[in-house]
Amino acid sequence: MLQDDIDSRCLVESITDDIETARLRQQHQATSGLAVEALPTVYRGTVFRSALEASWAATLDSLGLAWEYEPTTVTLPSGVRYIPDFHLPQIGVWLEVKGNGVPRVEKAIEYGQSLACDCPKFACTCRWIGGELVLIGHPPRSWMPDYDEDDHRSNWAKAITARNHGGHPRWTSTRGRAAWLAYCADCHHATWFDSPHCRACKRRLIGAEGLESGNQQIRFHRITGIAAPDNDTPAP
Ligand SMILES: [Zn+2]
Ligand SMILES: [Zn+2]
């Protein structure tokens, strides 16, 4: 388990989660052969369908964003029933987590289209600018030591960091345009921006000056549920 994960929550709580995860996975043996990412995982007492979902929950916690896991079932315009993975009530965002090899995102896309508002451009009066936003959360992008020009450590040190680094969160928007994850310089909330308006405080921000820090600085927090047997993290 990463040091950051231990720092970000109570150690006892994290051990309790790991024991419960191990118990659930034992029951899950019939479907063994699945990658860890796709195994049931307990985080902060909530049972997630996969380690990837639990990791997204931990990442949202690290951003200070409140989340609800599978809070509701919605009926889409096509009549299909759909349970979105996460609702982020502070910023009017829904997040559907999709692992590798699980390309089915039609429901999330339809949900995103159904929530987009019809206000004229630059004249949106909705509680959430543009309507509630539906995002698809993917497995993280790996941290790339060679791309960091300011990192002058040895390759050996970089390799260890790369292995223990959770990487960076990766997502796509169902609105068909880029969404930027950043901290608002005005209200200091972390939120996705796909317009110049902060989703948390609604203020219109001017370019990059409105952002405290963005995509590149935000880390993905991996929850694996069990310490990897070949974990080479030095003992604290
Ligand atoms: Zn609107
Ligand atoms: Zn703001």
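Only heavy atoms go into these numbers, but all of them, side chains included; no hydrogens, no water, no symmetry mates. Keep in mind that this is a model prediction, so the values were computed, not measured. We count ligands from 1, going down the list as the structure has it; atoms in each ligand are counted the same way.
In this structure, the ring of Tyr69 has its center no less than 6.0 angstrom from the ring center of Trp94. Note: Phe220 and Trp56 meet the aromatic proximity criterion, with ring centroids under 6.0 Å apart.
Around the Zn ion (ligand 2), the angle linking Cys201 (SG) with Cys187 (SG) is 110°, rounded to 10 degrees. Taking the Zn ion (ligand 1) as the corner point, the angle from Cys119 atom SG to Cys124 atom SG is about 120° (rounded to 10 degrees).
For the Zn ion (ligand 2), the N/O/S atoms of Cys184 include one lying under 2.8 Å.
A heavy-atom distance below 4.5 Å is found between the side chains of Thr41 and Ile223.
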Yes or no on side-chain contact (heavy atoms from CB on, under 4.5 Å) for Lys202 and Ile129, after CA distance, side-chain angles and deciding distance? CA-CA 7 Å; Lys202 289 187 99 170; Ile129 299 287; 4.1 Å; yes

